[in-house]
Colleague: 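What follows is a structure written as structure tokens; I'll ask about it next.
It should be emphasised that the depicted structure is a prediction, and the values quoted were computed from it without experimental measurement. The residues of the chain are indexed from 1 along the displayed sequence. In each ligand, atom 1 is the first atom listed, and ligand 1 is the first ligand listed.
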Amino acid sequence: MLGRYMQHSVLVTGGAGFIGSNFVRLCVLERGIPVINVDKLTYAGNLGNVRDLEQKSGYSFLQADINDGPAIRDILRKFQPSAIVHFAAESHVDRSILGPDEFIQTNIHGTFQLLEEAKAYWNELSGTAKAQFRFLHVSTDEVFGSLKPDDPAFSESTPYAPNSPYSASKAASDHLVRAYHHTYAFPTLTTNCSNNYGPYQFPEKLIPLMIANGLSGKKLPVYGDGLNVRDWLYVTDHCEAILQVLQKGRIGETYNIGGCAEMTNLDVVNTICRTLDELRPRPDGTSHASLINFVKDRPGHDRRYAMDIRKIRNELGWSPKESFATGIRKTVSWYLDNSEWVESVTSGAYRDWMRTQYAGR
Ligand code: NAD
Ligand code: DAU
């Protein structure tokens, strides 16, 4: 199986976003796997995330919307990929609360349109190319809802119970993928992963927002009591897991991916503050933790997520390499070393979002 992907290309949707760009980098630079990166370049998609790949052989970028069937059809016919890895989505829960429309359009309708085009393309294949084709759908642990403190972690058989417009739209897309396998024998794989962090994450999400605000001396807005729990996974571990599933996963199956690193938001923010205190002390000598500001909670805020990763570990031999301690240090250091990237993405539109989301909270 591995040899097949060394020779044939993978079409990646959303490869200019956070996880997608890290995945494309892993494929092209470390594994020699050719990639066709298809991205609409929304506010979250940034060609600066893949600048180092532009001149590499085996890498192509095409700006297209997954809702645009004819454009996707042309790309599939032209590049003849042997797999599709589908990251493209609206991904921020807070934005889904303030404006769910785009989430329905991209996450549900866009996934449907992509499945239609991918199925038509696969139907035209024959022999080994048809037998080896795979469609891998990248999803989230949020489709399973919220856990109580002592509940067991989510497994692949946990019933779906999404609570936000974002997670409901991802759940709908997971169901469509499942249905295309069940009804048409379309060769799908689905991964459900916990919270990612690492280089190139847009500073609207908890970890990069706290780093960016901390560095510029702004308040660190912690929702509610700060005791919501997330399971954090360093992004390159997620990308390695996706490749393992693509290369060795069983068709039609779903695989849970997680970091085995459950932490409260307050612990995460305090760890970031301690790391910043060490690597970039404040001029007045006070801790970055003095910037922590408890604000009004997120509506419908899920209390706890946790992932049972026994299936992917036992079947495919994957487990996370980074601990939260090593991963967060790498992440803070990356943001310190890449202040130009941070400046380039925190444009006027970003400042508008920050005002809408946090002013008067
Ligand atoms: P992101 O918001 O950083 O990137 C999304 C990318 O998709 C952007 O490049 C954007 O331009 C592109 N895109 C959006 N709409 C599009 C459309 N209609 N057509 C083509 N491209 C479009 O997201 P991310 O955090 O990298 O997440 C990637 C995927 O992983 C998503 O499907 C998300 O649900 C899933 N996921 C994310 C996490 C996480 O912690 N970030 C965890 C588990 C799963
Ligand atoms: O669990 C996987 C999911 O993780 C992915 O599917 C989503 O795409 C991704 O955005 C993420 O969702 P969360 O809502 O968990 O991530 P976020 O970084 O937005 O928030 C993490 C926690 O931090 C959550 O409990 C809300 C809290 N938070 C977030 C922000 C932005 C704050 O306390 N303050 C903030 O300013």
Colleague: Which protein non-hydrogen atom lies closest to atom 16 (O) of ligand 2, naming both residue and atom, and how far is it?
Modeller: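 In this structure, atom 16 (O) of ligand 2 has Asn195 ND2, 3.4 Å as its nearest protein heavy atom.
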
Colleague: Which residue from Tyr305, Phe18, Tyr223 reaches closest to atom 32 (C) of ligand 2 through any of its heavy atoms?
Modeller: Tyr223

Colleague: For ligand 2, note which part of Asn196 has a heavy atom under 4.0 Å away: side chain, backbone, both or neither.
Modeller: neither

Colleague: I'd like the name of whichever of Tyr166, Trp232, Phe294 reaches closest to atom 5 (C) of ligand 2 through any heavy atom.
Modeller: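 Of the listed residues, Tyr166 has the closest heavy atom.
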
Colleague: Could you find the nearest protein heavy atom to atom 36 (O) of ligand 2 and give me its residue, atom name and distance?
Modeller: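 The protein heavy atom lying closest is Tyr358 OH, 2.6 Å.
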
Colleague: I'd like to know whether the aromatic ring centres of Trp334 and Tyr200 sit less than 6.0 Å apart in this structure.
Modeller: yes

Colleague: Around atom 34 (N) of ligand 2, find the nearest protein heavy atom and jot down its residue, atom name and distance.
Modeller: Pro221 O, 2.8 Å

Colleague: Which ligand 1 atoms, with their elements, are less than 4.0 angstrom from a heavy-atom of Ser139?
Modeller: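 With Ser139 as reference, the close atoms of ligand 1 come out as 43 (C), 44 (C).
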
Colleague: Does the ring centre of Phe133 sit less than 6.0 Å away from the ring centre of Tyr121?
Modeller: yes

Colleague: Side chain, backbone, both or neither: which part of Lys170 has a heavy atom under 4.0 Å from ligand 1?
Modeller: side chain

Colleague: Testing the 3.5 Å rule here: is there a donor-acceptor pair between the side chains of Lys205 and Gln201?
Modeller: no

Colleague: Tell me which protein heavy atom sits closest to atom 30 (O) of ligand 1, plus the residue, atom name and distance to 0.1 Å.
Modeller: Val138 CG1, 3.6 Å

Colleague: Look at atom 3 (C) of ligand 2 and say which protein heavy atom is nearest, naming residue and atom and giving the distance to 0.1 Å.
Modeller: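 Checked against all protein heavy atoms, atom 3 (C) of ligand 2 sits closest to Glu142 OE2, 2.9 Å.
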
Colleague: With heavy-atom distances below 4.0 Å as the criterion, list the atoms of ligand 1 near Tyr166.
Modeller: 33 (C), 34 (O)

Colleague: Would you mind listing which atoms of ligand 2 come within a distance below 4.0 Å of any non-hydrogen atom of His92?
Modeller: 19 (O)

Colleague: With atom 20 (C) of ligand 1 as the reference point, say which of His238, Lys40, Gln201, Glu142 has the nearest heavy atom.
Modeller: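 Looking at heavy atoms only, Lys40 sits closest to atom 20 (C) of ligand 1.
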
Colleague: Nearest protein heavy-atom contact for atom 31 (C) of ligand 1: which residue, which atom, what distance?
Modeller: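 Of the protein heavy atoms, Phe87 O, 3.2 Å lies nearest.
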
Colleague: So, applying side chain to side chain donor-acceptor pair (under 3.5 Å) with Asp94, which one of Tyr223, Tyr358, Trp353 is it?
Modeller: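 Of the listed residues Tyr223, Tyr358, Trp353, the side chain to side chain donor-acceptor pair (under 3.5 Å) partner of Asp94 is Tyr223.
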
Colleague: Give the atom numbers and elements of ligand 1 that come within less than 4.0 Å of a heavy atom of Asp65.
Modeller: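 Those atoms are 17 (C), 18 (N), 19 (N).
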
Colleague: Got the closest protein heavy atom to atom 41 (N) of ligand 1, with its distance?
Modeller: Ile19 CD1, 3.7 Å

Colleague: Between Asn107 and ligand 1, which residue portion shows a heavy-atom distance shorter than 4.0 Å: side chain, backbone, both, or neither?
Modeller: neither

Colleague: Of the protein's non-hydrogen atoms, which lies at the shortest distance from atom 8 (O) of ligand 2, and what is that distance?
Modeller: Ser91 O, 2.7 Å

Colleague: For Tyr255 and Glu315, which I'm curious about, is there any donor-acceptor pair between the side chains at under 3.5 Å?
Modeller: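 Short answer, yes.
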
Colleague: Counting only heavy atoms closer than 4.0 Å, does ligand 1 sit against the backbone of Thr106, its side chain, both, or neither?
Modeller: side chain

Colleague: At what distance is the nearest protein heavy atom to atom 11 (O) of ligand 1, and which residue and atom is it?
Modeller: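 It is Asp39 OD1, 2.6 Å.
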
Colleague: Determine, considering heavy atoms only, which of Leu206, Asn192, Ile19, Val93 sits nearest to atom 18 (O) of ligand 2.
Modeller: Leu206

Colleague: Are a donor atom and an acceptor atom from the side chains of His137 and Thr190 found within less than 3.5 Å of each other?
Modeller: no

Colleague: When you measure from the centre of the six-membered ring of Tyr43, is the NZ or CZ of Arg95 under 6.0 Å away and within 45° of the axis?
Modeller: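 Output yes; distance and angle both within limits.
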
Colleague: Mind checking whether Ile66 has an N or O less than 3.5 Å away from an N or O of ligand 1?
Modeller: yes

Colleague: Indicate yes or no: does an N/O atom of Glu90 lie under 3.5 Å from an N/O atom of ligand 1?
Modeller: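 The answer is no, given that Glu90 and ligand 1 share no N or O pair closer than 3.5 Å.
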
Colleague: Ignoring hydrogens, just give me the one of Lys205, Arg298, Lys219, Arg304 whose non-hydrogen atom is nearest atom 14 (O) of ligand 2.
Modeller: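 When every heavy atom of Lys205, Arg298, Lys219, Arg304 is considered, Arg298 comes closest to atom 14 (O) of ligand 2.
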
Colleague: Which heavy atom of the protein is the closest neighbour of atom 25 (O) of ligand 2, given with residue, atom name and distance?
Modeller: His301 NE2, 2.7 Å

Colleague: Among all protein heavy atoms, pick out the one at the shortest distance from atom 1 (O) of ligand 2; state its residue, atom name and that distance to 0.1 Å.
Modeller: Asp141 OD1, 2.5 Å

Colleague: Regarding atom 22 (C) of ligand 2: of the candidates Asp302, Asn293, Asn265, which has the closest heavy atom?
Modeller: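 Residue with the shortest heavy-atom distance to the ligand atom: Asn265.
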
